[in-house]
K.L.:
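Quick one: this structure, given as structure tokens, is what I'll be asking you about.
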Amino acid sequence: QRVVRIVNLFVNASQLNVPPAGAVPVNAAVTSPGLTILPFPVTIGAAIIQTVQGLVDASRHPAAPPVLSGAAGNNVPLALSPFANSVPNGVTFRVRFAEAEFQPSPFRIRNGANWMNLDSEPDLVPQSIPGVLSSTETGFYNPDFPGTSNLKRAGLASRGSRIIVRLDNVPSGAKLYAPVRIGDAAARTALRMVYASGDGGSGSIFMPAFPTSPVGGGIAPLTGCPTNCQAVYEIVRSDATATEAADIPVYVAYTPGGAAEGTANVRASFGPLSADGTANGQAGPRFAGFAHPAQPAFQVR
């Protein structure tokens with residue numbers, strides 16, 4: 001007798017038209033030319049919308065978008081210099097990106113290795129026990145496999161789960177900053193801001209973004225401004241047994257009279273984003289787009 005295990009499967013769940021708060025089963029069948037190995041489809045998973053987003057206050061309660069005075073300015077020292085060490089008006093708003101209740105944990109680190117330092121990726125560890133389900137983006141992974149056809153990297157994800165926070169319609173003249181680290185060495189959920197392309201990807205190299213200002217433990221400007229301002233975070237610590245959330249503070253800075261009137265919108269998504277629904281060389285999940293509509297983030301008037 002032989003047992004053949006098929007692991008590390010990815011499916012294009014964006015084609016399944018998953019309803020809000022609903023689930024669509026994912027079925028699979030195994031066939032071979034001239035031989036039916038598995039004659040009927042079996043359910044191997046479920047596609048669900050696993051996250052919610054919204055604005056929260058410092059106590060993590062739902063918050064309304066703040067209204068800022070254009071004449072008074074906001075966090076003026078930071079508007080004048082990205083190296084400023086004070087923000088008199090503090091955090092402008094917080095974006096919460098959270099796992100939905102009672103759903104399998106979508107916040108996943110790259111590999112089972114423990115991140116002791118949020119600025120440096122740890123050495124990879126094997127995940128090579130047959131039949132054990134992984135709670136990381138890497139599935140079954142055995143570095144002792146031969147190097148032929150790159151087998152020793154089979155199942156190894158190129159990155160952990162990523163979160164993209166993107167703002168549009170940002171009033172002209174306003175500058176946006178966010179922390180480079182969310183969580184500390186003791187937090188069960190921790191994120192690290194990374195250098196990434198517009199779709200949130202950056203290949204297989206972990207490239208942490210470093211702060212320009214020491215405020216709040218270190219903050220850095222959002223990229224892509226003024227059209228699509230965004231921050232990309234990689235999840236470097238998570239708890240698969242708990243419902244988790246990432247609260248991302250954003251600082252808005254402009255000089256008195258230096259920002260146009262208007263309302264900025266925010267949305268968040270897992271990343272990287274991709275319109276390619278076919279199998280390719282990307283070792284890890286990709287996401288078709290933002291599952292949640294944009295909502296007001298702040299207003300200048």
K.L.:
Is the closest side-chain heavy-atom distance between S135 and S105 below 4.5 Å?
P.N.:
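A side-chain contact under 4.5 Å is absent here.
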
K.L.:
Check this for me: does any side-chain nitrogen of one of R162 and E234 sit under 4.0 Å from a carboxylate oxygen of the other?
P.N.:
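Result for this pair is yes, salt bridge flagged.
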
K.L.:
When rounded to the nearest 0.5 angstrom, what is the spacing between CG in N228 and CZ in R166?
P.N.:
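Between N228 CG and R166 CZ, I get 5.0 Å after rounding to 0.5 Å.
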
K.L.:
Are F290 and Y233 grouped together when hydrophobic residues (ILVMFWY) are joined by side-chain heavy atoms under 4.5 angstrom apart?
P.N.:
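Yes, one cluster joins them.
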
K.L.:
Would you kindly check if the NZ (Lys) or CZ (Arg) of R192 is within the cone defined by 45 degrees around the ring axis of F210 and under 6.0 Å from the six-membered ring centre?
P.N.:
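Here R192 passes the 6.0 Å and 45° test against F210.
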
K.L.:
Between D247 and R60, is the closest basic N to carboxylate O distance under 4.0 Å?
P.N.:
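Judged by the 4.0 Å cut-off on N to carboxylate O distance, R60 and D247 do form a salt bridge.
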
K.L.:
Report the C-alpha distance between E99 and T243 in whole Å, list the side-chain angles of each, state the deciding distance to 0.1 Å, and finish with yes or no for side chain to side chain donor-acceptor pair (under 3.5 Å).
P.N.:
CA-CA 6 Å; E99 296 176 343; T243 301; 5.0 Å; no

K.L.:
When rounded to the nearest 0.5 angstrom, what distance separates CZ in R301 from CD in E261?
P.N.:
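Separation between the atoms: 9.0 Å.
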
K.L.:
Same cluster or not: are V180 and I182 linked, directly or through other Ile, Leu, Val, Met, Phe, Trp or Tyr residues, by side-chain heavy atoms under 4.5 angstrom apart?
P.N.:
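Yes, V180 connects to I182 through the hydrophobic network.
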
K.L.:
Hey, mind stepping through I163 and F107 against side chain to side chain contact (heavy atoms under 4.5 Å, CB included) and telling me if it holds?
P.N.:
CA-CA 9 Å; I163 295 173; F107 283 25; 4.2 Å; yes

K.L.:
Would a distance-only check, ignoring hydrogens and angles, find a side-chain to backbone donor-acceptor pair under 3.5 Å from H292 to G54?
P.N.:
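Judged by distance alone, no pair lies under 3.5 Å.
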
K.L.:
Determine, using the 4.5 Å side-chain heavy-atom cutoff (strictly less than), whether L68 and L222 are members of one ILVMFWY cluster.
P.N.:
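Result: yes, single cluster for both.
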
K.L.:
So how far is it from Q295 CD to R267 CZ, rounded to the nearest 0.5 Å?
P.N.:
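Nearest 0.5 Å value for the CD-CZ distance: 12.0 Å.
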
K.L.:
Working note: L124 + Y141, criterion side chain to side chain contact (heavy atoms under 4.5 Å, CB included); need CA distance, chi angles, decisive distance, verdict.
P.N.:
CA-CA 10 Å; L124 300 171; Y141 162 63; 4.0 Å; yes

K.L.:
List the atom of G271, the atom of I164, and the distance in Å for their closest heavy-atom pair.
P.N.:
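Closest approach of G271 to I164, heavy atoms only: CA-CD1, 4.0 Å.
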
K.L.:
May I ask you to check whether over 12 heavy atoms, not counting those of L9, lie within 6.0 Å of atom CG?
P.N.:
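Atom CG in L9 is crowded, with more than 12 foreign heavy atoms closer than 6.0 Å.
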
K.L.:
Quick check against the 3.5 Å criterion: does T136 have a side-chain atom that pairs as donor or acceptor with the backbone of T138?
P.N.:
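Checked: pair present.
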
K.L.:
Restricting to non-hydrogen atoms, name the atom on F83 and the atom on P214 that form the minimum distance, rounded to 0.1 Å.
P.N.:
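Taking F83 first and P214 second, the nearest heavy atoms are O-CD, 4.4 Å.
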
K.L.:
Using the rule that two of Ile, Leu, Val, Met, Phe, Trp, Tyr join whenever any of their side-chain heavy atoms come within less than 4.5 Å, decide whether V87 and V250 are in one cluster.
P.N.:
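Hydrophobic grouping puts V87 apart from V250.
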
K.L.:
Tell me, with the steps shown, if E137 and S161 meet side chain to side chain donor-acceptor pair (under 3.5 Å).
P.N.:
CA-CA 7 Å; E137 291 293 9; S161 302; 2.6 Å; yes

K.L.:
Looking only at heavy atoms, what is the nearest atom pair of P179 and P249, with distance?
P.N.:
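P179 and P249 have their closest heavy atoms at CD-O, 3.1 Å.
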
K.L.:
If you count heavy atoms of other groups shown closer than 6.0 angstrom to CZ of R96, is the number above 12?
P.N.:
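Atom CZ in R96 is packed in, count exceeds 12.
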
K.L.:
Let me confirm one number: the NZ-CG distance from K175 to N74, rounded to the nearest 0.5 Å.
P.N.:
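Between atom NZ of K175 and atom CG of N74 there are 13.0 Å.
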
K.L.:
Has Q230 got a side-chain atom pairing as donor or acceptor with G198's backbone, closer than 3.5 angstrom?
P.N.:
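Yes, Q230 side chain to G198 backbone: donor-acceptor pair under 3.5 Å.
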
K.L.:
With a 4.5 Å heavy-atom cut-off, do D239 and E244 have their side chains touching?
P.N.:
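Sidechains of E244 and D239: in contact.
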
K.L.:
Angle between ring planes, F140 versus F145, binned at 30° and 60°: parallel, tilted or perpendicular?
P.N.:
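Ring orientation, 0 to 90° scale: tilted.
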
K.L.:
Please confirm whether the backbone N or O of G90 pairs with a side-chain atom of N75, one donor and one acceptor, at under 3.5 Å?
P.N.:
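Yes; at least one donor-acceptor contact below 3.5 Å.
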
K.L.:
With rounding to the nearest 0.5 Å, note down the distance linking CH2 in W115 to CZ in R237.
P.N.:
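Going from the CH2 atom of W115 to the CZ atom of R237 covers 10.0 Å.
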
K.L.:
Are V215 and L118 co-members of a hydrophobic cluster defined by side-chain heavy atoms under 4.5 Å apart?
P.N.:
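No, L118 and V215 fall in different hydrophobic clusters.
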
K.L.:
Of all heavy-atom pairs between V165 and I248, which one has the smallest distance, and what is that distance?
P.N.:
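Heavy atoms only, the tightest pair is CG2-CD1, 3.5 Å.
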
K.L.:
Given Y177, which partner from the list P82, S213, P211 fulfils the side chain to side chain contact (heavy atoms under 4.5 Å, CB included) test?
P.N.:
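Of P82, S213, P211, side chain to side chain contact (heavy atoms under 4.5 Å, CB included) with Y177 is met by P82 alone.
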
K.L.:
How long is the span from the CG atom in N265 to the CD atom in Q299, to the nearest 0.5 Å?
P.N.:
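Here the rounded value is 11.0 Å.
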
K.L.:
L80 versus T255: any side-chain heavy-atom pair under 4.5 Å?
P.N.:
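Sidechains of T255 and L80: in contact.
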
K.L.:
I'd like to check Q127 versus N111 (side-chain heavy atoms, cut-off strictly below 4.5 Å). Are they in contact?
P.N.:
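Yes - at least one pair of side-chain heavy atoms lies under 4.5 Å apart.
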
K.L.:
For residues S238 and R108, report the shortest heavy-atom separation together with the two atoms involved.
P.N.:
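In this case the closest contact between S238 and R108 is OG-CA, 4.1 Å.
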
K.L.:
Do P285 and F270 come within less than 4.5 Å of each other through their side chains, counting heavy atoms only?
P.N.:
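No, too far: nothing below the 4.5 Å cut-off.
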
K.L.:
Less than 4.5 Å apart, side chain to side chain, heavy atoms only: is that true for N17 and V24?
P.N.:
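Not touching, per the 4.5 Å side-chain cut-off.
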
K.L.:
Hey, does the side chain of K152 reach the backbone of D144 with a donor-acceptor pair shorter than 3.5 angstrom?
P.N.:
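No; judged by distance alone, with no hydrogens or angles, the pair does not exist.
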
K.L.:
Taking only Lys NZ, Arg NE, NH1 and NH2, and the carboxylate oxygens of Asp or Glu, determine whether R286 and D199 approach each other closer than 4.0 Å.
P.N.:
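Salt bridge between R286 and D199, a charged N being under 4.0 Å from a carboxylate O: no.
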
K.L.:
Yes or no on side chain to side chain contact (heavy atoms under 4.5 Å, CB included) for N169 and T263, after CA distance, side-chain angles and deciding distance?
P.N.:
CA-CA 7 Å; N169 296 328; T263 300; over 6 Å; no

K.L.:
So, are E121 and R110 salt-bridged, with charged N and O less than 4.0 Å apart?
P.N.:
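A salt bridge is present here (some side-chain N lies under 4.0 Å from a carboxylate O).
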
K.L.:
Determine whether F298 and L176 satisfy the following criterion, side chain to side chain contact (heavy atoms under 4.5 Å, CB included), listing intermediate values before the conclusion.
P.N.:
CA-CA 11 Å; F298 70 95; L176 306 179; 4.1 Å; yes

K.L.:
How close do V76 and P256 get, heavy atom to heavy atom, and via which atoms?
P.N.:
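Result for this residue pair: CG2-CD, 3.9 Å.
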
